[in-house]
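Have a look at the structure below, then the notes.
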Amino acid sequence: FRIMAGKVKWVTDIEKSVLINNFEKRGWIQVAENEDWNFYWMSVQTIRNVFSVETGYRLSDDQIVNHFPNHYELTRKDLMVKNIKRYRKELEKEGSPLAEKDENGKYIYLDFVPVTFMLPADYNLFVEEFRKNPSSTWIMKPCGKAQGKGIFLINKLSQIKKWSRDSKTSSFVSQSSKEAYVISLYINNPLLIGGKKFDLRLYVLVSTYRPLRCYMYKLGFCRFCTVKYTPSTSELDNMFVHLTNVAIQKHGDDYNHIHGGKWTVSNLRLYLESTRGKEVTNKLFDEIHWIIVQSLKAVAPVMNNDKHCFECYGYDIIIDDKLKPWLIEVNASPSLTSSTANDRILKYNLINDTLNIAVPNGEIPDCKWNKSPPKEVLGNYEVLYDEEMAQGEGADRDLRGRPGQSPGVKGSRARDSGKPVLTTWK
Amino acid sequence: VLAEQDSAAAQQYVRQGCPTALRADLWALILNISNQPEDILYYEQLKSNVIQHDLLVDSLIYKDVKLTASNDDYYFVFEDYLYQVLLCFSRDTSVLEHFTYSSATPPKSYIQGKLGMEEYAVFYPPNGVIPFHGFSMYVAPLCFLYHEPSKLYQIFREMYVRFFFRLHSISSHPSGIVSLCLLFETLLQTHLPQLFYHLREIGAQPLRISFKWMVRAFSGYLATDQLLLLWDRILGYNSLEVLAVLAAAVFAFRAVNLMEVTSLAAAEAVLADLSTLKVMPLLQIFLFATVT
């Protein structure tokens with residue numbers, strides 16, 4: 001077999017030190033985009049060009065990129081919801097026990113995304129739902145933006161008149177002039193710690209979608225709001241109370257540059273175990289792993305499983321006061337900006353471990369390899385789900401789960417989806 | 001132990017350390033905190049006192065929290081709880097009772113013009129304890145265990161009147177800070193005489209570095225999960241001596257590096273970061289391993 005000599009040639013259009021330092025420490029050589037490169041860490045705009053039908057080019061076997069061509073199936077808010085809804089319906093049609101519903105018609109195991117509608121397309125459906133709970137709060141998010149930009153909360157229909165299909169600006173005006181939004185039921189009972197709202201940022205690396213192989217970074221973190229949480233309607237406009245994005249919190253009066261409002265997941269675990277007990281804490285973390293895997297399974301069929309690709313996603317999860325985790329969104333390009341010293345170290349190590357898995361031995365890649373790295377290189381990643389391994393253990397065992405049982409019983413679903421390598425799943 | 005609600009048994013049990021999920025209940029049992037309605041009422045009363053009038057020491061508390069806990073990776077989240085607990089604490093006259101077994105006396109304030117006349121004296125602050133820099137760090141770790149403010153308050157108050165007050169008052173009590181300093185120096189001098197001598201020679205007296213750890217009961221220096229294991233032993237053995245032992249153990253652990261330093265600043269640097277230390281192995285090695 002051919003041993004490829006020479007150093008890996010890299011390109012990036014994201015000028016971040018945590019990336020560049022990692023490339024340089026491996027002795028890789030920086031080249032320009034139009035030269036021969038082996039590794040390109042690109043922004044999402046660039047990946048669009050690389051794989052576009054008109055301007056795209058064919059990647060050769062020794063070229064690797066850090067995005068899947070149609071990652072937006074997972075990372076665009078509206079498409080993510082669409083894919084999850086489709087996935088649930090499919091499971092229901094197959095009669096899979098995963099798609100079980102409770103007496104209220106809610107999915108027992110697959111209800112992890114807050115009720116969401118696309119606007120303006122589903123406007124009327126949304127109004128119907130809104131009228132069922134007129135005192136509810138909803139959150140409007142533009143589909144294509146990040147970092148909390150353009151997000152606002154509403155509790156009155158009049159606040160989103162613009163998106164009504166009957167509005168004068170619809171019909172003959174092209175869709176693109178009325179930006180696509182999703183509107184989701186706002187989780188107004190988030191778990192509060194120290195009276196403050198927070199969300200979880202977890203990093204998940206996917207090396208292949210079919211078979212699904214994904215890794216979760218053990219060092220995720222919680223992002224706290226600087227201001228005490230209140231569901232009071234007078235504060236709906238105060239983004240410092242509701243949005244946990246660091247990009248927003250950074251401009252608050254109380255933002256602290258030492259800790260950046262971030263807590264490690266291990267702190268969260270210690271706090272929850274101490275105040276709520278070990279079982280419910282384990283259950284929470286199991287559920288978090290579960291919803292991440294389910295979201296990936298939902299998009300796996302439509303993902304272009306290009307062998308030149310891997311991707312490191314930033315998952316945003318909110319926990320409510322009943323200790324139920326909700327998937328808020330998935331980011332294709334999680335921020336590599338460091339807000340504190342600890343942050344810089346974490347992101348540096350994240351990239352380091354990611355590269356160790358995606359580019360084995362730091363050598364010129366051959367994208368035909370089996371994408372099965374040895375355990376030693378995982379670093380702070382741990383295997384979240386390995387479909388090949390799971391199937392090897394026989395996924396067609398009898399299911400012993402009984403309908404209507406509390407989600408605490410994992411027996412049925414663990415077997416159906418194939419036992420993941422993480423031993424926390426029972 | 002918990003099912004039996006046996007306080008003495010709980011104290012025995014925690015000597016081996018608590019499982020995280022049981023710690024809150026075990027400590028409450030040992031400290032006799034049951035959070036009865038009258039306790040909650042008392043706390044609410046204190047809170048209304050806070051709202052009704054300000055005290056000068058409130059400013060000290062704000063400053064302390066902002067300088068210490070607010071900048072701490074573990075405790076910044078609980079900033080608001082710390083204010084609540086400490087502001088109430090300052091107004092809690094029941095704390096004055098601990099002065100019957102403390103060799104300290106609470107400061108007094110005299111009505112203007114009546115200095116020295118006992119009939120016109122009041123204790124100030126009402127609880128007789130003037131907060132100092134780092135005081136909020138006594139409360140901070142407890143926030144990981146108790147999320148209900150009134151219970152958090154009572155646990156802290158009890159921890160203070162049983163243990164923490166000894167760390168900042170002069171007495172001959174074996175758990176008092178003076179005895180701890182003596183214990184620390186004795187342990188170090190006895191078991192690591194070369195290190196002790198070397199550090200003194202370069203003007204880096206060991207106590208200068210370890211004093212701050214002991215006064216704060218290591219809060220803010222150790223990782224929280226390790227700190228809680230340490231405080232398990234304080235409760236279990238009803239003594240603060242373990243703080244002096246741990247301080248000596250830390251020096252023993254970093255002895256090799258310390259022998260090479262030539263200044264106080266360098267010694268401080270070697271001992272600046274304790275966040276990765278594991279308390280139990282450290283203590284065990286120091287106490288039980290034979291010296292080669």
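Chain naming here is simple, since letters A, B, ... match the order of the sequence lines and numbering starts at 1 in each. Because the structure is predicted, anything quoted here is derived from the model rather than measured.
Closest non-hydrogen pair, B:Y74 versus B:A223, comes out as OH-CB, 3.3 Å.
The closest side-chain heavy-atom distance from B:L240 to B:M214 is not below 4.5 Å. A heavy-atom distance below 4.5 Å is found between the side chains of B:I61 and B:S90.
More than 12 heavy atoms of other residues, nucleotides or ligands sit less than 6.0 Å from atom NZ of A:K324.
Contact annotation for B:D25: neither backbone nor side-chain heavy atoms come within less than 4.5 Å of a heavy atom of chain A.
Within residues 80-87 of chain B, the residues having any heavy atom under 4.5 Å from a heavy atom of chain A are, by residue number, B:D80, B:Y81. Among the residues in residues 45-59 of chain B, none has a non-hydrogen atom closer than 4.5 angstrom to a non-hydrogen atom of chain A. Among the residues in residues 146-165 of chain B, those with a non-hydrogen atom closer than 4.5 angstrom to a non-hydrogen atom of chain A are B:Y146, B:H147.
In this pair, A:Y315 and A:Y313 present their aromatic rings perpendicular. The plane angle is above 60°, beyond the 30 to 60° band.
The pair A:E382-A:K375 does not count as a salt bridge, with every side-chain nitrogen at least 4.0 angstrom from each carboxylate oxygen. Look at A:E273 and B:R23 and you find no salt bridge, because none of the NZ, NE, NH1 or NH2 atoms lies under 4.0 Å from a carboxylate O.
If you look at A:F198 and A:W263, their ring centroids are not closer than 6.0 Å. Aromatic rings from B:Y75 and B:F78 are positioned such that their centres are separated by 6.0 Å or more.
Remark: A:E279 pairs with no residue by the salt bridge (Lys or Arg N to Asp or Glu O under 4.0 Å) rule, at least two apart or across chains.
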Point to revise | Working for side-chain hydrogen bond (donor to acceptor under 3.5 Å, both in side chains), residues A:N349 and A:N380 | key: CA-CA 8 Å; A:N349 288 331; A:N380 287 311; 5.8 Å; no
Exercise for review: Step by step, work out the side chain to side chain contact (heavy atoms under 4.5 Å, CB included) result for B:L22 and A:K278.
Suggested key: CA-CA 9 Å; B:L22 302 178; A:K278 208 167 171 102; over 6 Å; no
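Figure legend: cation-pi geometry between A:K262 and A:F221, with NZ or CZ positioned under 6.0 Å from the six-membered ring centre and within 45° of its axis.
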